[in-house]
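See structure below.
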Number of protein chains: 2
Amino acid sequence: MPPEPRAVRGRPRAFNEAEVLDQAIALFSAGGFAAVSIADLVAVTGLSAGSLYKAYRDKEGIFAGALDRYIAERDRRLGDIAAGAPGGRARITALLRLYAGLSQGEAGQRGCLVVSGITGLDQLGATAAVLRATLARRHAMLAALVAEGQRDGSIATTEPPEGVADLLLALLQGMRVVGKGGRFPEDGEGFVRRALRLLD
Amino acid sequence: MPPEPRAVRGRPRAFNEAEVLDQAIALFSAGGFAAVSIADLVAVTGLSAGSLYKAYRDKEGIFAGALDRYIAERDRRLGDIAAGAPGGRARITALLRLYAGLSQGEAGQRGCLVVSGITGLDQLGATAAVLRATLARRHAMLAALVAEGQRDGSIATTEPPEGVADLLLALLQGMRVVGKGGRFPEDGEGFVRRALRLLD
DNA sequence: CAAATTAGGAAATGAACATTCCCTAATTAC
DNA sequence: GTAATTAGGGAATGTTCATTTCCTAATTTG
């Protein structure tokens, strides 16, 4: 059930919104909200400032659009990965592997929109709540996976799932910070294996 | 052996450098390099722009001065804490407790200069190397503590100390990110206790 | 085909920005 | 006491910034 082809009045958008938002994601991830200027966005998107403002209202609107897309894409990928592995422990393992890949080498140095967004939280208005909610949602997801693993016997710890999720959440965000600094280890598998001790 | 009172030519500095740098640390920690303007620094320090430029050459110089002070202070505190606890495991425990305190509540939301600096790494010139070196130094310190714990029997894991240090480093930086988002748990002791599983 | 509506973009606007200039003040060297 | 040197700060400088304005283009509605 894809939405109707379209039937909105007026001249249609000529730019590819997904592409533009991906370019914005790259810029904001690398430098944070304050470090990106409208001129930068104009340069990478090829759009004019006027068009950007018509489409997104202001700079925070562009950031918010980029963040929504980033989060949707990341949530989708997290969901797929979790669904594709059997049992709580395997799901968390797959998730750690994903983040290890995102944190390594050049990819890692491109940064994370959630981390740079949180760093610049004070500069954001309504969008700050989206970032906080994202942390909360990730935490809930991790806690659910831990609880699942405790039920299915793949996770031995008797600590409360929310407490273990606190650790995993911090670890995942920290991997991105270290990765941005270019210091995430090459041996991602070893990192993941050692991290799993948190579940024992 | 404190340095000679002084014997430099010319008019002496009238402002308290430690105080000014602490104010700069607060600003840059909260928002990152790009989010802080010279006007902001003028406002909180009470100095004029001209004086700031005479003392620190440019905006990155102010950031670099703040970062040096921040790192020196943090390293001193880490060293004290590590020295004050008996054995590798207890030292790492104390260190995790320190970071839990830094990440909680309002203090956590004030941010971390290292994290916000790394987020804005691309905007920094020579100072970027200082930040990367800081990550490397913290990693080395953690690895040394793990190795010590393995020797004294307080740390059971047979994983390489550097590998365990990778985890601890990411965890510590991630605690600050989650703390900036206002989502670090109130039960810091529980967090620390569960984190110590990484050493078993 | 005309009216209404929305998008695109070039140029203008005014504020904020980092940085420099220049004059005055305080100190040391001789 | 005079020269040399460094700090402090007010005001200027030229740039970059986010945002708006306004005109043109493409589409739907009737």
Side-chain angles (χ1 to χ4, degrees), chain A residues 3-21 23-24 27-28 30-67 117 120 122-128, chain B residues 3-21 23-24 27-28 30-67 117 120 122-128:
Chain A
E4 318 289 294
R6 31 167 285 119
V8 276
R9 283 188 300 208
R11 180 174 171 176
R13 287 242 167 106
F15 68 87
N16 180 338
E17 183 158 23
E19 210 171 278
V20 163
L21 289 180
Q23 290 159 333
L27 280 180
F28 284 124
F33 181 71
V36 177
S37 71
I38 302 296
D40 293 335
L41 288 159
V42 165
V44 311
T45 60
L47 294 181
S48 71
S51 300
L52 284 169
Y53 272 82
K54 191 152 297 179
Y56 300 104
R57 212 182 98 237
D58 58 14
K59 188 178 157 187
E60 181 168 348
I62 305 175
F63 182 87
L67 183 62
D122 307 348
Q123 305 141 46
L124 299 172
T127 319
Chain B
E4 318 286 293
R6 32 168 286 118
V8 275
R9 280 185 306 206
R11 178 174 173 177
R13 287 241 168 106
F15 68 86
N16 181 338
E17 185 158 22
E19 210 171 277
V20 163
L21 289 179
Q23 290 159 333
L27 280 181
F28 284 123
F33 181 71
V36 177
S37 71
I38 302 296
D40 293 335
L41 288 159
V42 165
V44 309
T45 62
L47 294 181
S48 71
S51 300
L52 283 169
Y53 272 83
K54 191 152 297 180
Y56 300 104
R57 215 184 95 238
D58 58 14
K59 188 178 156 186
E60 181 168 350
I62 306 174
F63 182 86
L67 182 62
D122 308 346
Q123 305 139 49
L124 299 172
T127 319

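Values in this document were obtained by computation on a predicted structure and should not be read as measured data. Residue numbers start from 1 in every chain, and the chains themselves are labelled A, B, ... in the order their sequence lines are given, proteins ahead of strands.
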| request: Ignoring hydrogens and angles, answer whether the base of dA7(D) and the side-chain atoms of R11(B) contain a donor-acceptor pair closer than 3.5 Å. | output: yes
| With distance as the sole criterion, do the side chain of R9(A) and the base of dA4(C) form a donor-acceptor contact below 3.5 Å? | no
| task | Could you tell me which non-hydrogen atom of A66(A) sits nearest to which non-hydrogen atom of A24(A), and how far apart they are? | result | CB-CB, 4.0 Å
| field | Over all atoms of both residues, closest heavy-atom pair of S48(A) and V42(A) | value | C-CG2, 4.0 Å
So if I take every side-chain heavy atom of [X] and compare against [options], which nucleotide ends up nearest?
X	options	value
K54(B)	dC22(C), dA18(D), dA7(C)	dC22(C)
A39(A)	dT19(C), dG8(D), dC17(D)	dC17(D)
R13(B)	dT19(C), dA7(D), dG8(C)	dA7(D)
S48(B)	dG9(C), dT19(C), dG10(D)	dG10(D)

Could you state the atom-to-atom distance from [atom1] of [X] to [atom2] of [N] in whole Å?
X	N	atom1	atom2	value
L124(A)	dA18(D)	CG	P	14 Å
Y53(A)	dC22(D)	OH	P	18 Å
K59(A)	dT19(D)	NZ	P	8 Å
Y56(B)	dG8(D)	OH	C1'	14 Å
L27(B)	dC17(C)	CG	P	12 Å
N16(B)	dG8(D)	CG	P	12 Å
D58(B)	dT19(C)	CG	P	5 Å
L41(B)	dA16(C)	CG	C1'	15 Å

| Heavy atoms under 4.0 Å, any strand shown: does S37(A) hit a base, just sugar-phosphate, or nothing? | sugar-phosphate
| Which part of the nucleic acid does V42(A) contact within heavy-atom distance under 4.0 Å: base, sugar-phosphate only, or nothing? | nothing
| request: Let me know which of L27(B), V44(B), I62(B) forms a side chain to side chain contact (heavy atoms under 4.5 Å, CB included) with V36(B). | output: L27(B)
| task | Assess the side chains of T127(A) and E60(A): does a donor N or O sit below 3.5 Å from an acceptor N or O? | result | yes
| said: Strictly distance-based, threshold 3.5 Å: is any side-chain N or O of Q123(A) a donor or acceptor partner for the main-chain N or O of F33(A)? | reply: no
